[in-house]
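Counting starts at 1 for both ligands and their atoms, following the listed order. One is the number of the first residue; the rest follow in order along the sequence.
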Amino acid sequence: MSPAERTVAVIVVAAGSGVRLGHQLPKAFVHLAGQTLLERAVSTLAGISEPVQVVVVAPAGREESAHAIARSALGASASPVTIVTGGVTRHESVIEGLSALESGITTVLVHDAARCLTPVEVFDRVIADVRRTGHGVVPGVRVSDAIKVVSGDLLEGGTLMSTIERDTMLAVQTPQGFPRKALEAAYAAAESVAYTDDAGVFSGAGMVVHTCPGDERSLKITTPADLARAQALVLGVDGSRVRVGTATDTHAFAESRGLRLAGLDWPDEFALAGHSDGDAVAHAIVDALLIAAGLGDIGGMVGVDDPKYAGASGEVFVREAVRRLAESGFTPVNVTAQIVGNRPRLAGRRAEAERVLSSWVGAPVTLSATTTDGLGLTGEGRGISVVATALVELFAPTSN
Ligand code: CTP
Ligand code: MG
């Protein structure tokens, strides 16, 4: 679809700093179960029933990283990404987003990156309703608590003044959709920046906003408790925070002596062939850690044929994998590896190897070894296979 044919844009406002979340990163760059809020918000847009212009409003200084995240989140989708720098308030950020719209856009949706779990059906519904009615459209959900007006301090000894009829209340969410020209006019006319959402700006300018069904998953991640709630939603009802990964690595023996295995030197044993140091235990551990966290494998991580990794120590790969896990919010719990081969004899050096590997992983690594009754390449003494299992856990969502 060419720019002239594309008529819908989604502005994802992601420029806030997330003061109430209290994380060291801006909120849109904080991880939720292994993916940033921005990545989750944008990847949903790839599922909208037509290509849309995606405008990401990013915090100053993070435009490039926002672009990389958004592009990869959209995958093979035909939707183009435009990045703009945000303003001091959400209101100003939306104005920046509006300034970047392609000329053919006639329908604009504004969406909070903080509502990164909104399902794609809501986007399709809002787009359809804006087109059908020619008015603004805001998704919302019913309120289940009783709502009171309070005078004085809300929580500390305030006085109840009145009850608001709950059946007239709607908790509104995003994406909020509008005819483009009307939304631009409403923002141009908005005198104050005190509006907290786009529907407020639009109806403040005297224009009609209709409602449509929102979704419970569209919760706005504001506080650490919200992040924990979102994490439980993503991981399923039990909110399991642990993941397991299994991987194998096999190397043939080389002609020369000087083996590196399980983080140790074995000078009298035949070396393992390989571009790096050939430490099959380290490599299997790397793959098990990465796959447990859903981060691919060692080839995707470092490009194993890369000249800069010629002869590289297994330690480099293991530490890099652990660093990538941490970036995605995961920490290793424990790792096991089983060496399958006739040689070397692990028994005398098991504790030493476990100490070294544990220090690289930052969690207990335990090792075993076995033979295969003379069968296969390991049994015939032509090489070594390693099977590794890693258990990883998501950080507590409040940690930095
Ligand atoms: N937002 C923005 N630019 C701003 C402020 C907010 O783009 N100057 C975006 C946020 O990134 C978020 C959405 O508007 O996706 C809703 O704002 P909110 O949840 O309040 O996020 P923050 O302002 O980042 O959080 P806090 O108010 O706790 O600092
Ligand atoms: Mg805010």
Charged N-O contact under 4.0 Å between [X] and [Y]:
| X | Y | value |
| --- | --- | --- |
| E269 | R257 | no |
| K220 | D112 | no |
| R323 | E320 | yes |

Counting each atom of ligand 1 from 1 as listed, which ones have a heavy atom of [X] under 4.0 Å away?
| X | value |
| --- | --- |
| V88 | 8 (N) |
| A113 | 15 (O) |
| S17 | 24 (O) |

Evaluate [X] for polar contact with ligand 1, using N/O atom pairs at a separation under 3.5 Å.
| X | value |
| --- | --- |
| I221 | no |
| R20 | yes |
| G18 | yes |

How long is the straight-line distance from CD1 of I11 back to CD of Q176, given to the nearest 0.5 Å? 12.0 Å
Using a 4.0 Å heavy-atom cut-off, say whether E92 meets ligand 1 through its side chain, its backbone, both or neither. neither
Check K27 against ligand 1 and report side chain, backbone, both or neither, counting heavy atoms closer than 4.0 Å. side chain
Mind checking whether G86 has a heavy atom under 4.0 Å from ligand 1? no
Atom 10 (C) of ligand 1: the protein heavy-atom neighbour that sits closest, reported with distance to 0.1 Å: G16 N, 3.6 Å
Looking at W266, does the NZ or CZ of R349 lie under 6.0 angstrom from its six-membered ring centre and within 45 degrees of the ring axis? yes
Just going by heavy-atom distances, which of A114, S93, A14 is nearest to atom 3 (N) of ligand 1? S93
Taking atom 4 (C) of ligand 1 as the point of reference, which of D112, T89, L21 owns the nearest heavy atom? T89
Between A113 and A28, what is the shortest heavy-atom contact and its length? CB-CB, 4.2 Å
Between D198 and the options H111, H91, R90, the side chain to side chain donor-acceptor pair (under 3.5 Å) test singles out R90
